[in-house]
Amino acid sequence: MNANVPVKVKAVSASVGVSQAMVSVFLRDVRVAFRQKQDLLNPLLFFTMVVTLFPLGVSPEVAFLKQSGAGILWVAALLSVLLSLDHLFRHDFDDGTLEQLMLQPQPLFLLVLAKTLAHWILTGLPLVLLTPVLGLMLHLDGNSVATLCLTLLIGTPVLSLIGSIGAALTLGLRSAGVLLSLLIIPLYIPVLIFGTGTVAAAAEGAQVSGYLALMGAFLVLALTLAPFASAAALRISLSNS
Amino acid sequence: MWQFFHKLGSPKWFFGIANRFMPWLLAGGLILLVAGLVWGLAFAPKDYLQGNSYRIIFIHVPSAFLAQSIYIMMASAAVVTLVWRMKLADVFVKSVAPVGLLFTFLALFTGAVWGKPTWGTWWVWDARLTSMLILLFLYGGVIALDRSINDEKSAARAVAVLVLVGVVNIPIIKYSVNWWNTLHQPATFKLTEKPAMAMEMWVPLLLSVLGLYLLFGWLACLRMKTEILVRERRTRWVKELVLAGRK
């Protein structure tokens, strides 16, 4: 009886390779998201609304908006990603999918990575695509908008990856949303500083390749470390419930 | 060595050891801190530039020291929690996190009090001030997560993961905040390059730093003992201890 078990496990893992499992987790998340289109739209609406608050609340003057537009867009993007993180594991946690994922023979951190990538494609990337429009509304010039989009393109995956740790840690807790923000915002600070710093440097006509390389380093670091931490956090959260 | 290591896992053993060390920690800490403070506040010479207001460093510097080293201690304990599942390690993390928060706040507060007469403002977005503020947020996050999870074991392990993620991030945050500050405003005052300190100021400062470390040790033992009593309340040795204390 016992002798059969390893053979069985081997057979399963041989039939579905790691990359194939990652692709199917990724595609499943995308498919599920497109069936609930409102969830896809919400972060974008939130992003636009937060950006609207600044000219209304601080000053609609062109000089102010030109100077702080990049910062406003970065903060708004950061907040929208934060808002959407709750969905990353919540539904799968509620309906038991997450437990099935943990039982798979493939390493959990790779499946988590696939889920996080899907989350970025569904929230981070649309934010980047919306940025040029809002950038024009904040009177940013073409060069700044291009740099801003580039920094957001590198920075938003980092936000999703770091955020996945917080989402995994707060899974199934009461008032998880607020707690998630408390845990994650301090960790987002470096990305924000370099994201806006790059745009400021570009506006002054400085070389930005060094800054972009540093942001790329953040991305690589987050890609290699964050999935392990969130997989560990998921195991803890699921053993808790 | 290994026997000592195994004993560390036993709350009961720790309870006995803590009882033996605590009076020494308290007495040593109080003597050193009082000596350092009295010397520093009353007898050390005036600073030629700042006058008497510099004397707050005898509280400010020890608090800032502890604020940072408590986080490092918590991170080391977090590794022990995750790797060896040692009960005492997570008791330590849980007990000292509020103390760390307190010292971080104290460092920021005394810094603000010192900043008003010296810089003419309560707060500047200086790199060091900002990274201390972020450290305060990290402590806040750790405490908030710990309080939100009801199950003791999961709380301990979740907090350990968070503390470790934080400790990986601290150098990155520190570096980026430094970079941010030099980018946006050239440093008007450098906190990092202190003028060479006179011996009469340096010795009392050293005394108060050591004293506060010892007092922290005492406070940590006290808080850990309380936490252990709460956690082990159903065990026989705690019941016997409480009954013996009642007589």
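Residue numbers start from 1 in every chain, and the chains themselves are labelled A, B, ... in the order their sequence lines are given, proteins ahead of strands. Just so we're clear, the structure is a prediction, and the values are computed from it rather than from any experiment.
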*Largest heavy-atom contact set with chain A, pairs under 4.5 Å, which of A144(B), A155(B), S148(B), G140(B)*: S148(B)
*Neighbour count >12 (heavy atoms, 6.0 Å) for atom CD, Q68(B)*: yes
_Taking side chain as everything from C-beta outward and backbone as N, CA, C, O, which of these in L179(A) sits under 4.5 Å from a heavy atom of chain B? Side chain, backbone, both or neither._
side chain
*Is the number of heavy atoms from other residues, nucleotides or ligands under 6.0 Å of F109(B) CZ greater than 12?*
no
*asked:* Under 4.5 Å from any heavy atom of chain B, what part of L221(A) do you find: side chain, backbone, both or neither?
replied: side chain
_For chain A, the option from V161(B), V142(B), I134(B) that forms the most heavy-atom pairs under 4.5 Å_ = I134(B)
*What pair of heavy atoms forms the shortest contact from V165(B) to A229(A), and how long is it?*
CG2-CB, 4.1 Å
*Atom pair CG/CD1 of L138(B) and I185(A) - distance to nearest 0.5 Å*: 12.0 Å
*Determine the minimum heavy-atom distance between R174(A) and R147(B), stating which atoms define it.*
NH2-O, 3.8 Å
*Can you tell me how far the CG atom of L180(A) sits from the CG atom of L145(B), to the nearest 0.5 Å?*
10.5 Å
*Roughly how far, to the nearest 0.5 Å, is the NZ atom of K153(B) from the OG atom of S239(A)?*
10.0 Å
*If you count the non-hydrogen atoms of other residues, nucleotides and ligands that lie under 6.0 Å from NZ in K12(B), is the total more than 12?*
no
*When you look at CZ of F15(B), are more than 12 heavy atoms from neighbouring residues, nucleotides or ligands closer to it than 6.0 Å?*
yes
*asked:* With side chain to side chain contact (heavy atoms under 4.5 Å, CB included) as the test, pick out the partner of I193(A) among N178(B), I173(B), V177(B).
replied: V177(B)
*Which bit of L214(A) is near chain B, if near means a heavy-atom gap under 4.5 Å: side chain, backbone, both or neither?*
side chain
_Part of I189(A) within contact of chain B (heavy atom distance under 4.5 Å)_ = side chain
_L169(A) and V159(B): CA distance, side-chain angles, deciding distance, side-chain contact (heavy atoms from CB on, under 4.5 Å) verdict_ = CA-CA 9 Å; L169(A) 278 174; V159(B) 164; over 6 Å; no
*What do you reckon, is CZ of F105(B) surrounded by more than 12 foreign heavy atoms closer than 6.0 Å?*
no
*To the nearest 0.5 Å, what is the distance between CG (L162(B)) and CG (L187(A))?*
7.0 Å
